[in-house]
Amino acid sequence: MDQSLRTRRGLLIVLSSPSGAGKSTISRMLLEADREVTISVSATTRPMRPGEVDDRDYHFVEEQEFDRLIAEGEFVEWAPVFDYRYGTPKAPVKAALKAGSDILFDIDWQGTQQLHAAMGEDLVRIFILPPSIGELERRLRGRGTDSEDVIHSRMQRAASEISHWAEYDYVLINKDTAECLAQVQAIVAAERLKRQRQLGLVPFVRDLVSGR
Ligand code: ADP
Ligand code: 5GP
C-alpha cells in the first residue's frame, strides 16, 4: 500500500457502561487483539482490588496527590465516581494522538462529556449495556472483588449510569464477550476508514487523477 495512505488521525475510543457490564473484559480483549490500540491508564483514589496492578490497571494515588494533579492541570478530565475520584492523565493522550495511534478509555459518562468537549471530532463513544439487571448483579458478584456494600452501591448507581446511553455514538449489549468484541472491532475498523481521518487521501487522489 502507498505509505502516505497509512497516515491517519488516531481515534479516541471511549467504552462506558454501568459497573459490571463487562467493559474492562472487552477492553482487555481488544488490546490483545489489536496492537494499534493502547489503553489510557487513569489515576484513582480508590483502593486497589485483589489482582490489580499499580500503573497497569490504574495509577493508585492518595487524595493529596490527586489534588496536586488537578491543580497542575495534569488531567484532560476527572470526575467523582462512587466514593472516589478518577482522572485521565493528559500527557499520554497527547503523545498517542501525535503518533497517530488509537487510545482506549474506560471512563464514565461524566468523563466522556468532558472529553467530548475537549476533543469532539476524534472521539468514538461506545456504551455497553448488560443483557438484564439480574445478569449485571450476577456479574458484579461473580467478579468476587467487591464487598456486599460496594455491590449494593454499584447496583443503586446502575440505573443513573444507564440513563446516559443516548449520549454515545454506539450502544452494544454484552451478552456474549466474543460477539461484543467483534462488534467493537467492526466499529473501530469503520471509524478508521472515515474520510476525514485518512490524512493521506488528499495527496493520493491528487496523484491518482493526475495519472502518477
Ligand atoms: P466492568 O469493567 O464493566 O465493571 P468487568 O469487565 O469487570 O466489568 O466484568 C464484570 C464480570 O462479568 C467479570 O467477572 C467478567 O468476567 C464477567 N463478564 C464480562 N462480560 C461477560 C459476558 N458477556 N458474559 C458473562 N460474564 C461476563
Ligand atoms: P472501577 O472502580 O470499577 O474500576 O471504575 C468505576 C467507574 O469509574 C467506571 O465506570 C469507570 O469507567 C470509571 N472511570 C475509570 N477511570 C476513569 C477516569 O479516568 N475518568 C472518569 N471520568 N471515569 C473513570
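For this chain, numbers begin at 1 and follow the sequence in order. Note that the coordinates shown come from a computational prediction; the quantities given were computed from them, not determined experimentally. Numbering of ligands and ligand atoms starts at 1, following listing order.
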Give the contacting part of [X] toward ligand 2: side chain, backbone, both or neither, where contact means a heavy-atom distance below 4.0 Å.
X: Gln110; result: neither
X: Arg46; result: side chain
X: Ile107; result: both
X: Arg49; result: side chain
X: Glu161; result: neither
X: Arg85; result: neither
X: Tyr84; result: neither

Looking only at protein heavy atoms, identify the closest one to [atom] and say how far it is in Å.
atom: atom 8 (O) of ligand 1; answer: Gly22 N, 3.2 Å
atom: atom 20 (N) of ligand 1; answer: Asn174 ND2, 3.1 Å
atom: atom 20 (N) of ligand 2; answer: Glu77 OE2, 2.7 Å
atom: atom 14 (N) of ligand 2; answer: Asp106 O, 3.6 Å
atom: atom 10 (C) of ligand 1; answer: Gly20 O, 3.5 Å
atom: atom 7 (C) of ligand 2; answer: Val81 CG1, 3.6 Å
atom: atom 10 (O) of ligand 2; answer: Lys23 CE, 3.7 Å
atom: atom 6 (O) of ligand 1; answer: Thr25 OG1, 2.6 Å
atom: atom 2 (O) of ligand 1; answer: Ser24 OG, 2.5 Å

Tell me the nearest of [options] to [atom], using heavy-atom distances.
atom: atom 26 (N) of ligand 1; options: Arg139, Arg28, Lys23; value: Arg139
atom: atom 4 (O) of ligand 2; options: Tyr86, Trp78, Tyr58; value: Tyr58
atom: atom 16 (N) of ligand 2; options: Gly20, Gly111, Ser16, Ser42; value: Ser42
atom: atom 13 (C) of ligand 2; options: Asp108, Thr88, Leu115; value: Asp108

Ion pair [X]/[Y], N-O distance below 4.0 Å:
X: Arg139; Y: Glu135; answer: yes
X: Glu63; Y: Arg85; answer: yes
X: Arg192; Y: Asp34; answer: yes
X: Glu72; Y: Arg68; answer: yes

On a heavy-atom basis, which atom in [X] and which in [Y] lie closest, and how many Å separate them?
X: Asp108; Y: Thr112; result: O-OG1, 2.8 Å
X: Ile107; Y: Ser16; result: O-OG, 2.6 Å
X: Gln114; Y: Ala79; result: NE2-CB, 4.3 Å

Mark up the atoms of ligand 2 that fall under 4.0 Å of a heavy atom belonging to Ala79, in ascending order.
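Contacts of ligand 2 toward Ala79, numbered from 1: 22 (N).
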Are Gly87 and ligand 2 in contact, using a heavy-atom cut-off of under 4.0 Å?
yes
Please determine whether any non-hydrogen atom of Phe82 lies less than 4.0 Å from an atom of ligand 2.
yes
Could you check whether the rings of Trp78 and Phe66 sit parallel, tilted or perpendicular, using 30° and 60° as the cut-offs?
perpendicular
Flag this pair as yes if the NZ/CZ of Arg46 is under 6.0 angstrom from the six-membered ring centre of Phe82 and inside a 45 degree cone about the axis; otherwise no.
no
Inspect the surroundings of CG in Leu31 and state if more than 12 heavy atoms from other residues, nucleotides or ligands are less than 6.0 Å away.
yes
If you count the non-hydrogen atoms of other residues, nucleotides and ligands that lie under 6.0 Å from CD in Glu121, is the total more than 12?
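Open: at most 12 neighbouring heavy atoms sit under 6.0 Å from CD of Glu121.
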Considering only heavy atoms, does Ser17 approach ligand 1 within less than 4.0 Å through its side chain, its backbone, both, or neither?
side chain
Stepwise side-chain contact (heavy atoms from CB on, under 4.5 Å) test for Ile13 and Phe105
CA-CA 6 Å; Ile13 308 158; Phe105 300 86; 5.8 Å; no
Taking the side chain as every heavy atom from C-beta outward, state whether Val171 and Leu129 have any atom pair closer than 4.5 Å.
yes
Within a distance under 4.0 Å of any heavy atom of Lys175, pick out the atoms of ligand 1 and give their elements.
22 (C), 23 (N), 24 (N)
Subset of ligand 1 atoms that lie under 4.0 Å from at least one heavy atom of Ser19
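That gives atoms 4 (O) of ligand 1.
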Going through the checks in order, is the side-chain contact (heavy atoms from CB on, under 4.5 Å) test met by Leu104 and Thr38?
CA-CA 6 Å; Leu104 183 64; Thr38 56; over 6 Å; no
Looking only at side-chain N and O atoms, does Glu191 offer a donor or acceptor that is under 3.5 Å from a partner on Tyr170?
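The answer is yes; a qualifying pair exists.
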Pair His164-Glu167, side-chain donor/acceptor within less than 3.5 Å:
yes
Below the 3.5 angstrom mark, is there an N/O of Arg143, backbone or side chain, next to an N/O of ligand 1?
yes
